[in-house]
Amino acid sequence: MRSGILYLVSGPSGSGKSTLCRRLAAEGEAEFSVSCTTRQPREGEACGREYHFIDRETFGQRIDEGLFIEHAEVHGNLYGTLRSEVIGRLNSGIDVVMDIDVQGAAQVRSSTDPVIRRALVDLFVMPPDEHELEARLRGRATDSEEVIALRLRNAIDEMSHWREYQYRLVSATREEDYNRFKALLLAERLRVSRIGTEG
Ligand code: 5GP
């Protein structure tokens, strides 16, 4: 029996981190921590699958009740990780993957909870350079120049935090990225400190 890994993944939009997290969960390698958010669902998103979509008032109540491990405001919306999505799984030896921003990551990193401290592996995913980032942001958005410029500034600001993470993945091709992403989890499973005392 080994304890679960908390695989925390951050990176700017356009880095491909969400796709990596979703695929890992779809392949059964880890379970995805479904966050709460006050943002509106996008087309194709379902409540309880991508996020728990809740209003600000409910979000505030959950903060007061101490239900979140971390929470932060990102691009004008609130996001938070529920304790109930993470702790029980880690204690049962299940690996959990979470997609959170740099502010949330800093809160998880500074947690004093021994279960979280032992489980945490944090990775920053980033595009190879600013040109590629811009191309990716433009490629998928139908937004105005103004919005693209804002997203780009936010992404560049977010990228300045990569040194706060234990690991960094500079994006190449989809398959290569996924192979490296999964390899890190597989390697972390071999850590002696995660293995129980029996056997
Ligand atoms: P989106 O709304 O595009 O799905 O996500 C916007 C940003 O919020 C992304 O950077 C994502 O990593 C971050 N995010 C998603 N869930 C959480 C969470 O539970 N906590 C924090 N701090 N950030 C989150």
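Note: hydrogens, waters and symmetry copies are ignored here, and every other heavy atom, side chains too, is used. No experiment lies behind these values; they were computed from the predicted model shown. One-based numbering, in listed order, for ligands and for the atoms of each.
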**Message:** Does the residue R39 have a heavy-atom contact with ligand 1, meaning some pair of atoms that are separated by less than 4.0 Å?
**Reply:** yes
**Request:** Check step by step if side chain to side chain contact (heavy atoms under 4.5 Å, CB included) holds for R189 and D95.
**Result:** CA-CA 9 Å; R189 286 183 186 154; D95 298 335; 2.9 Å; yes
**Request:** Can you sort out which atoms of ligand 1 are near S35, meaning under 4.0 Å from one of its heavy atoms?
**Result:** 16 (N), 17 (C), 18 (C), 19 (O)
**Prompt:** Under 3.5 Å, is there a donor-acceptor pair linking the side chains of D99 and S18?
**Reply:** yes
**Prompt:** Taking only heavy atoms of G104, which atoms of ligand 1 are found under 4.0 Å from at least one of them?
**Reply:** 22 (N)
**Complete:** Going by chain and number, the hydrophobic cluster around L123 (ILVMFWY, side chain to side chain under 4.5 Å) further includes I5, Y7, V9, L20, L24, F32, V34, V97, V121, V125, Y167, L169, Y178, F181, L184, L185
**Asked** Is there a nitrogen or oxygen of E158 sitting under 3.5 Å from a nitrogen or oxygen of ligand 1?
**Response** no
**Message:** Check this for me - ligand 1, D99, N or O atoms closer than 3.5 angstrom, yes or no?
**Reply:** yes
**Message:** Can you tell whether the side chains of R191 and E188 come within less than 4.0 Å, N to carboxylate O?
**Reply:** yes
**Asked** Are R42 and ligand 1 in contact, using a heavy-atom cut-off of under 4.0 Å?
**Response** yes
**Prompt:** Any ion pair linking R138 and E145 (charged N to carboxylate O, less than 4.0 Å)?
**Reply:** yes
**E85 and E31: CA distance, side-chain angles, deciding distance, side chain to side chain contact (heavy atoms under 4.5 Å, CB included) verdict** = CA-CA 9 Å; E85 290 279 329; E31 293 188 7; over 6 Å; no
**Asked** Does E130 have any salt bridge (charged side-chain N to carboxylate O under 4.0 Å, His left out) partners at least two apart in sequence or in another chain, and if so, which?
**Response** none
**Request:** May I ask you to check whether K17 has an N/O atom sitting below 3.5 Å from an N/O atom of ligand 1?
**Result:** yes
**Message:** Heavy-atom pairs closer than 4.0 Å: do any link ligand 1 to the side chain of M98, the backbone, both, or neither?
**Reply:** neither
**Prompt:** Checking E70 side chain against A105 main chain: does a donor-acceptor pair fall under 3.5 Å?
**Reply:** no
**Prompt:** Taking the minimum heavy-atom distance to atom 22 (N) of ligand 1, which of V108, I100, D101 ranks first?
**Reply:** D101
**Prompt:** Is G80 near ligand 1, meaning one of its heavy atoms is under 4.0 Å from it?
**Reply:** yes
**Message:** If the cut-off is 4.0 Å to any non-hydrogen atom of A72, which atoms of ligand 1 fall inside it?
**Reply:** 22 (N)
